[in-house]
Amino acid sequence: MLSERDPQPESPQSGSTGRIVISVDAMGGDRGPAAVVAGMADSASKNPAIEFIVHGPEPELAQLVAKRSELSGRCAIRHAEGVVTMDDKPGQVMRNGSGTSMWSAIESVRNHEATVAVSCGNTGALMALSVIRLRKLPGVNRPAIACLWPSRNPGGFNLMLDVGADIKADAPDLLQYALMGASYARNGLGIERPRIGLLNVGTEEHKGRAELKAAQDLIAAATETGNFDYVGFVEGSDLPSTRVDVIVTDGFTGNIALKTGEGTARLVGEFLREEFNATLLSRFAALLALGPLKRLRKRIDPRRQNGGVFLGLNGTIVKSHGSADATGVSAAIKLAFRLAESGFQDRLAARVASAALAGQDAAQPLEQNRASE
């Protein structure tokens, strides 16, 4: 009988002081390296178990790091002249990107100097470089990007993948997404037996494309060996619901859903500001509701749920929003640390390599996590 015990992952890459090392691409974000270094300092002040390798032009980074006492003795600088811009084509970066900060940040993971890399840069270029430098895990046809979606579940989030790594996904790819998403939910969110849903135009069995129906059969057959529950087809209205923990879809559909959700959240925020500023009475009402509004803003603030995780590679990459400020960068680093601390990459590799071994990446108690941000 197969053992249900969780194999011990390799220890996360540690610096000279035993801290977990995070590789950070300081360039490429809309707000420049100052925001990235500020986010690193914020993370360092809240979490003594973390240190950094930061990549970019050394003279500029040295000045920024020197101003942050929280980073003293906890940040190594790797000089990289080149910058991958948001307008650069992935193919161009693959051919000519070896001198960029993005390439250098990925290399630190490839060379086992760091456990996870974080970048605010061009998503397509980051995925392309990650694939060619880290390579896909054996058995993975298409990597995926997973993101957190605010929900009514106890943990406050659902997980959705793919949200833009590849516009296509066949039935076997969707099965791989389910397995990888379940592993992420266990190790990143502490959900012992995640509930998986397959995004469709309806919940009825007869609806959807042929590959979705084929994927449904594959995912349903893998529930016991994969240690998850399959709830069936889910609709767009289920994304924030308590019915499901992990939503599986192709990158085309997932990216549209993600951008639609972000745009709707911004629109609702703008409507609220307009209404509370409309009249003197509404301004007074806003003052009375200031406490609940602050709590709501914090709860749905996209900066605090920042970070898409690249799954299916020989290394973990966290993609931060390009417009992230220090708070957003700190949130992405927190996510990277949590995954590194859990041994997520080794557990995910084991899951993908042998989906027939049940329970091999059982959740660790959340209280054991040292992340304090």
Side-chain angles (χ1 to χ4, degrees), residues 28-32 35 39 86-87 119-124 126 144-165 167 189 197 199-203 233-309 318-332 334-335:
D30 296 340
R31 298 173 185 263
M86 293 299 179
D87 297 325
S119 176
C120 301
N122 181 320
T123 302
L126 183 63
I145 304 175
C147 75
L148 296 177
W149 194 285
S151 80
R152 299 292 297 177
N153 274 321
F157 301 100
N158 290 338
L159 180 71
M160 184 166 70
L161 72 164
D162 177 26
V163 294
I167 62 172
L189 303 178
L199 189 61
N200 199 355
V201 294
T203 58
F233 290 139
V234 295
E235 299 177 291
S237 59
D238 290 313
L239 297 184
S241 77
T242 59
R243 184 185 172 209
V244 66
D245 300 304
V246 179
I247 300 103
V248 172
T249 187
D250 61 86
F252 183 85
T253 305
N255 191 264
I256 289 176
L258 175 64
K259 298 296 175 59
T260 301
E262 291 175 346
T264 301
R266 284 195 296 269
L267 182 63
V268 170
E270 292 169 2
F271 283 167
L272 283 173
R273 283 192 293 272
E274 289 174 4
E275 292 301 319
F276 278 124
N277 288 316
T279 65
L280 182 61
L281 184 60
S282 63
R283 292 192 186 98
F284 181 70
L287 287 175
L288 293 177
L290 189 59
L293 285 173
K294 283 184 176 179
R295 290 193 295 273
L296 174 63
R297 181 180 179 181
K298 183 176 181 180
R299 187 171 181 179
I300 65 174
D301 187 349
R303 300 176 304 164
R304 298 179 184 274
Q305 292 89 48
N306 181 36
V309 181
V318 174
K319 169 63 176 73
S320 168
H321 281 300
S323 61
D325 59 7
T327 299
V329 172
S330 180
K334 177 182 177 180
L335 174 60

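Heavy-atom basis, side chains included; hydrogens, waters and symmetry copies ignored.
Not a single side-chain hydrogen bond (donor to acceptor under 3.5 Å, both in side chains) links T203 to another residue, sequence neighbours left out. With sequence neighbours excluded, the residues satisfying salt bridge (charged side-chain N to carboxylate O under 4.0 Å, His left out) with R243 are D238.
The environment of CG in L280 is sparse: at most 12 heavy-atom neighbours from other residues, nucleotides or ligands sit within 6.0 Å.
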**Q.** From CA spacing to verdict: side-chain contact (heavy atoms from CB on, under 4.5 Å), I167, N255
**A.** CA-CA 9 Å; I167 62 172; N255 191 264; over 6 Å; no

Q: Check the pair L159, I247 against side-chain contact (heavy atoms from CB on, under 4.5 Å), reporting the backbone distance first and the verdict last.
A: CA-CA 6 Å; L159 180 71; I247 300 103; over 6 Å; no

Q | Candidate pair L189 and D245, rule side-chain contact (heavy atoms from CB on, under 4.5 Å), full reasoning | A | CA-CA 10 Å; L189 303 178; D245 300 304; over 6 Å; no

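Remark: side-chain polar atoms of K319 are paired, donor with acceptor, to backbone N or O of G121 under 3.5 angstrom. In terms of modelled atom types and a separation under 3.5 Å, the side chain of N122 and the main chain of G28 share no donor-acceptor contact. Under a 3.5 Å cut-off, the side chain of N277 and the backbone N or O of R273 do form a donor-acceptor pair. Between the side chain of R152 and the main chain of P240, no donor-acceptor pair closer than 3.5 Å is present.
Minimum interatomic distance between N158 and S241 (heavy atoms only, all atoms of both residues): ND2-O, 3.0 Å. In this structure, C147 and L258 approach most closely via the heavy-atom pair SG-CD1, 3.9 Å. Taking each heavy atom of G39 and S330 in turn, the nearest pair found is O-CB, 3.7 Å. Here the shortest heavy-atom pairing between L239 and A257 reads CD1-CB, 4.2 Å.
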